[in-house]
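Below, chains carry the letters A, B, ... as their sequence lines are ordered, and counting in each starts from 1.
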There are 2 protein chains.
Amino acid sequence: MDDQDPGLQLVHLLRAVTVELDLLAAEFAGREGLHPTDVRALIHLLDAGREGVRATPGWLGAQLGVNSASTTALVDRLERLGLVRRERDTRDRRRVLLVVQDQAVTLGWSFFGPLIHEMVAEMRAFDETELATVRRFLLAMRDVAATRRRAQQDSSARR
Amino acid sequence: MDDQDPGLQLVHLLRAVTVELDLLAAEFAGREGLHPTDVRALIHLLDAGREGVRATPGWLGAQLGVNSASTTALVDRLERLGLVRRERDTRDRRRVLLVVQDQAVTLGWSFFGPLIHEMVAEMRAFDETELATVRRFLLAMRDVAATRRRAQQDSSARR
DNA sequence: TCGAGAATCTCGATTGTCGAGACATTACAG
DNA sequence: CTGTAATGTCTCGACAATCGAGATTCTCGA
């Protein structure tokens, strides 16, 4: 009935994966009494911690695509939950540094840990060459999306 | 500093792709004056249309993971925007069928069309064997997420 | 020193989401 | 056939996440 083109099939499949992951995150959010945005923020904060990036409200808001008022409210929530702590930057005192608390790491792991574990386990069915191919593919798709997003941001900022 | 494990790398990369796609959808939503949920609904409605599935409010709500009140409000919005039309099912008169309007298809294509096109173009850098590998990989990841989600839904429904 | 610009926060309004429950319809047991 | 349970959708009231506009505090270059 549809999709002879293997390319189209893959696009739909990739989207199906993102749909599933989003629903999984939403489910986790609901169970923990936090909102989908909070989970997304948690992801970025943990990434930042792992990569040694210094997180600030402005940075976080940019990552999530929300405005500054929402970011403040978001950080308030995360702070109230004990997931992050606000700390004035001593160098640039306009800035606030978001310090990820241990509890956030624990919470993040309780959700992502098992998921990651299962995914990595599934990957054992692929040899190194195949994983390299997948990696190349995902990088290409990410770049398409990222490039397209930047282009549209610019064109809307120009108005 | 991190990630010697190629498996972990891939998990993070997969997540990065979903983050980009979500942001892209959010950007599109904001530009068109609709909400992220509306875009997600549009995706599922177009899929249903393409696959010949008869969409109803209950079905749509289940796809999106929102409750019935939100679903009603969502369908109200979509109907007001002229994207779908409500139509009573003559066989089971409790049901309402969601008929996707041409305008929805046009709108969906204006967003997904170029994106899909670029992605398919990028895939020309892969031969058939490689695409088959990617397909196998994505199917595995989707199933991990889907299985995990169902498991957690069941465990929370049991309470 | 002064002014432009950056980073964060406050305020008021809008609106998407939820929980509980109403209503109509269908399915099924007796 | 009849009454009862289950299903699909919608209504209502409350909550809270988000936004736009603007205030505040601070940095940095002229």
Side-chain angles (χ1 to χ4, degrees), chain A residues 22-23 25-42 48 53-81 83-99 156-157 159, chain B residues 22-23 25-42 48 53-81 83-99 156-157 159:
Chain A
D22 284 349
L23 284 172
E27 195 115 6
F28 169 68
R31 202 156 5 103
E32 294 296 330
L34 28 84
H35 299 259
T37 302
D38 303 5
V39 178
R40 293 172 57 210
L42 186 59
V53 174
R54 288 152 75 87
T56 67
W59 172 86
L60 183 59
Q63 299 296 312
L64 300 176
V66 300
N67 88 8
S68 76
S70 308
T71 302
T72 299
L74 166 65
V75 175
D76 285 347
R77 264 175 284 155
L78 296 179
E79 200 170 32
R80 200 177 326 121
L81 292 170
L83 300 181
V84 301
R85 193 160 43 81
R86 272 186 241 241
E87 192 167 297
R88 275 277 163 207
D89 189 340
T90 52
R91 311 175 126 213
D92 184 340
R93 297 213 305 278
R94 292 171 300 184
R95 292 191 178 194
V96 167
L97 297 178
L98 300 178
V99 183
S156 61
R159 283 165 201 167
Chain B
D22 284 348
L23 284 172
E27 194 117 6
F28 169 69
R31 202 157 4 104
E32 295 295 331
L34 30 84
H35 298 259
T37 302
D38 302 4
V39 177
R40 295 171 55 211
L42 185 58
V53 175
R54 288 152 76 87
T56 67
W59 173 85
L60 183 59
Q63 299 297 311
L64 300 175
V66 299
N67 88 8
S68 78
S70 308
T71 302
T72 299
L74 165 64
V75 174
D76 285 347
R77 267 176 282 154
L78 296 179
E79 197 169 34
R80 201 175 326 120
L81 292 169
L83 300 181
V84 301
R85 193 162 43 82
R86 273 186 240 241
E87 192 167 296
R88 275 277 164 209
D89 189 341
T90 52
R91 310 176 124 209
D92 183 341
R93 297 211 305 280
R94 294 170 300 183
R95 292 191 177 190
V96 167
L97 297 178
L98 301 177
V99 182
S156 62
R159 282 163 203 171

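Here the P atom of nucleotide dT18(D) and the CG atom of Leu34(A) are 12 Å apart, to the nearest Å. When rounded to the nearest whole Å, the span between CG of Leu78(A) and P of dC9(C) equals 12 Å. When rounded to the nearest whole Å, the span between CZ of Arg40(B) and C1' of dG16(C) equals 13 Å. Arg93(B) has its CZ atom 12 Å from the P atom of dA24(C), to the nearest Å. Taking atom CG of Asp92(B) as the reference point, atom P of dT7(D) lies 12 Å away to the nearest angstrom. In this structure, the CZ atom of Arg91(A) is 24 Å from the P atom of dT25(D), given to the nearest Å. The distance from atom CZ of Arg88(B) to atom C1' of dG8(D) is 8 Å, rounded to the nearest whole Å. Look at CG on Leu98(A): it is 13 Å from C1' on dC9(C), rounded to the nearest Å.
Checking the phosphate oxygens (OP1, OP2) of dT8(C), a side-chain nitrogen or oxygen of Thr56(A) falls inside 4.0 Å. Between Arg95(B) and dT7(D) there is no side-chain N or O to OP1 or OP2 distance below 4.0 Å.
A salt bridge links Arg94(B) to Asp92(B): one of the charged nitrogens lies within less than 4.0 Å of a carboxylate oxygen.
When side chains are defined from C-beta on, Arg40(A) counts as touching Leu23(B), because their heavy atoms get closer than 4.5 Å. Side-chain contact between His35(A) and Arg77(A) is present, with heavy atoms from C-beta onward closer than 4.5 Å.
Judged by distance alone, with hydrogens and angles left aside, Arg94(B) brings a side-chain donor or acceptor within reach of the base of dT7(D), the pair sitting under 3.5 Å. Applying the 3.5 Å distance criterion, the base of dG19(C) shares a donor-acceptor pair with the side chain of Asn67(B). No N or O donor and acceptor, one from the side chain of Ser70(B) and one from the base of dC18(C), sit under 3.5 Å apart.
Here Val75(B) lies out of heavy-atom contact (under 4.0 Å) with every strand. Residue contacts shown for Thr71(B) are absent, as no nucleic acid heavy atom lies under 4.0 Å away.
In terms of position along DNA chain C, the nucleotide closest to Arg80(B) lies nearer the 5' end than the nucleotide closest to the other residue of the pair Ala69(B) and Arg80(B). Along DNA chain D, the nucleotide nearest to Val66(A) and the one nearest to Ser68(B) differ in position, and the one closer to the 5' end is contacted by Ser68(B).
In this structure, CG in Leu42(B) is found 12.5 Å from OG1 in Thr37(B), a value given to the nearest 0.5 Å.
Enclosure of atom CZ in Arg86(A) by more than 12 non-hydrogen atoms of other residues, nucleotides or ligands within 6.0 angstrom is indicated.
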